[in-house]
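See structure below.
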Protein chains: 2
Amino acid sequence: MYCQSSLVRIFEPATILVLPVTINKIFANFDNYLPLNEQEREALASRVIERTIRRRQFILQEGDICKHYTFVAEGCFKIYHVDKKGVEHNLQFVAENDWIMELDSFYADKPSRVYIEAIEPSVILQIKKEDLFYLFTNIPKFDRNFRVIVENRYVELENRILQAISSTAEERYLSFLDHYPQLSQRLPGTQIASYLGITPEFLSKIRKDISKKH
Amino acid sequence: MYCQSSLVRIFEPATILVLPVTINKIFANFDNYLPLNEQEREALASRVIERTIRRRQFILQEGDICKHYTFVAEGCFKIYHVDKKGVEHNLQFVAENDWIMELDSFYADKPSRVYIEAIEPSVILQIKKEDLFYLFTNIPKFDRNFRVIVENRYVELENRILQAISSTAEERYLSFLDHYPQLSQRLPGTQIASYLGITPEFLSKIRKDISKKH
DNA sequence: AAATACCCTTAATATAGTTTAAGGGTGTTA
DNA sequence: TAACACCCTTAAACTATATTAAGGGTATTT
């Protein structure tokens, strides 16, 4: 496989590909779906931009139009909405080896209603819309893989809705701990409260109540 | 286009296709995405099963494995979960010209955690998993179209999460009225309350409060 | 070292939503 | 016509969660 791609490169116009090490994380991620062969990996790698993001830096703000599909190689982001009263509500956390997409804005060219902000120093890989469309059109496997990525995300969201409408705040918190054990260590309680749809004060009470039970 | 497909039919083994009238609703639905040509329509039509469903009939029960992707041609369904206390929680309503999919069960062959039940007498068109996979593999447009169907659904769900964690029950109700004006007429309040994550009694109070304001 | 920003906790009071109970309306079945 | 199932409404008592206010801890900036 390696040989084949080397040969191809010889006959192609000299495109110098500096493959960032982090790109391997994307390949490993695709291995969970339909693994990419060497040629497909190059097609992807040559269309990916690596960026280093500081803590509290935004990669999307309300009103912006989302131009990229983003893979988180390192770090963690929050996707949140600010309501009329100015209160932040966390929709999702996205940590390393997962995808960030603001689909509504990305596909419909609509101004985003959410912010996407780094909670930790992060490294991301971004694909521009036209590059993604190129991959969709020319390599059907990408169409397939990105369908599956969205499907998996859909299942997660469905579970979250279920929790939101049928569980108490304490149950939701316990389920959060269960589902995101790493994140619960890394995130401040204020962020978790915003994700659970409760106040930090009430989260504090829940934590006390839980610790009393032991 | 029509000619071409007619010719093809002559040389194929005689498959008599009795196209149900309702299939046109599926074609019209695909016109919102990437429209199907005549051949693709036939490929789809020959793999679709039409079923008439009575009120209160289930097309999926908890524990079943979801074997079909379902298009609602007429009528209305609710997708709901039953919690440990036996309380029903409506995740979604799906009415005519929309798709029902229980993705987690369908793709992972996992027992479903939800019920899908007709609220009204309904007509559906179903595609079996292997037939859908056939379409995905052989006609890339289906891969694309079903990606877009899921993406649209994802955006809807994201909006619902946002509402669930950041709005009061009254705001959620008003937004439901706004978003599903037809459904709000057709559904009993008990079902709407279950969708909003509140009790029927509280919905009743909300309705009174709203009418007072006018 | 002092000042500041951020986070966590506690507690009192207020509001949003549930539970229970009772009664009335309508449509369907015996 | 009676009986029943289903839905809607009201109200009182109760519980879950929000709001406000205050104080303390720790890390970062000045």
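A note on names: the letters A, B, ... follow the listed sequences, proteins ahead of strands, and every chain is numbered from 1.
Rounded to an integer number of Å, the gap from Ile210(B) CD1 to dT9(D) C1' is 15 Å. Arg172(B) has its CZ atom 6 Å from the P atom of dG17(C), to the nearest Å. dA18(D) atom P lies 10 Å from atom CG of Leu196(A), rounded to whole Å. When the P atom of dC8(C) is taken as reference, atom CG of Leu203(A) falls 8 Å away, rounded to whole Å. In this entry the distance linking CZ of Arg207(A) with P of dA11(C) reads 17 Å, nearest Å. Spacing between atom CD1 of Ile192(B) and atom C1' of dC7(D) amounts to 12 Å, rounded to whole angstrom units. Rounded to whole Å, the distance from CD1 on Ile206(B) to P on dT15(C) is 17 Å. Atom CZ in Arg54(A) sits about 16 Å away from atom C1' in dT28(D), given to the nearest Å.
Of the candidate nucleotides dC8(D), dG17(C), dA11(D), dA11(D) has the atom nearest to the side chain of Lys208(B).
One finds a salt bridge joining Arg147(B) and Glu151(B) here, because a Lys/Arg side-chain nitrogen approaches an Asp/Glu carboxylate oxygen to under 4.0 Å. A salt bridge links Arg153(A) with Asp98(A): the distance from a Lys NZ or Arg NE/NH1/NH2 to an Asp or Glu carboxylate oxygen falls below 4.0 Å.
Residues satisfying the salt bridge (Lys or Arg N to Asp or Glu O under 4.0 Å) criterion with Glu40(B), sequence neighbours excluded, are Lys141(B).
Each of Glu170(A) and Pro188(B) was matched to the nucleotide of DNA chain D holding its nearest heavy atom; the match closer to the 5' end belongs to Pro188(B).
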Between protein and nucleotides 18-23 of chain C, map the contacts as a letter string: B base, S sugar-phosphate only, - none, heavy atoms under 4.0 Å, written 5' to 3'.
BBB---
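A salt bridge (Lys or Arg N to Asp or Glu O under 4.0 Å) with Glu120(A) holds for exactly one of Lys78(A), Arg186(A), Arg55(A); it is Arg186(A).
Cation-pi contact between Arg160(A) and Tyr195(A): present, with separation from the ring centre below 6.0 Å and deviation from the ring axis of at most 45°.
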Side-chain donor/acceptor pairs under 3.5 Å, residues 175-183 of chain B, sequence neighbours excluded:
{"residue": "Ser175(B)", "atom": "OG", "partner": "Gln163(B)", "partner atom": "OE1", "Å": "3.3"}
{"residue": "Ser175(B)", "atom": "OG", "partner": "Gln163(B)", "partner atom": "NE2", "Å": "3.3"}

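Residue contacts shown for Ser204(B) include a base, since a base heavy atom lies under 4.0 Å away. Using a 4.0 Å heavy-atom criterion, one finds that Arg56(A) contacts the sugar-phosphate atoms exclusively.
When side chains are defined from C-beta on, Leu34(A) does not count as touching Phe142(A), because their heavy atoms never get closer than 4.5 Å.
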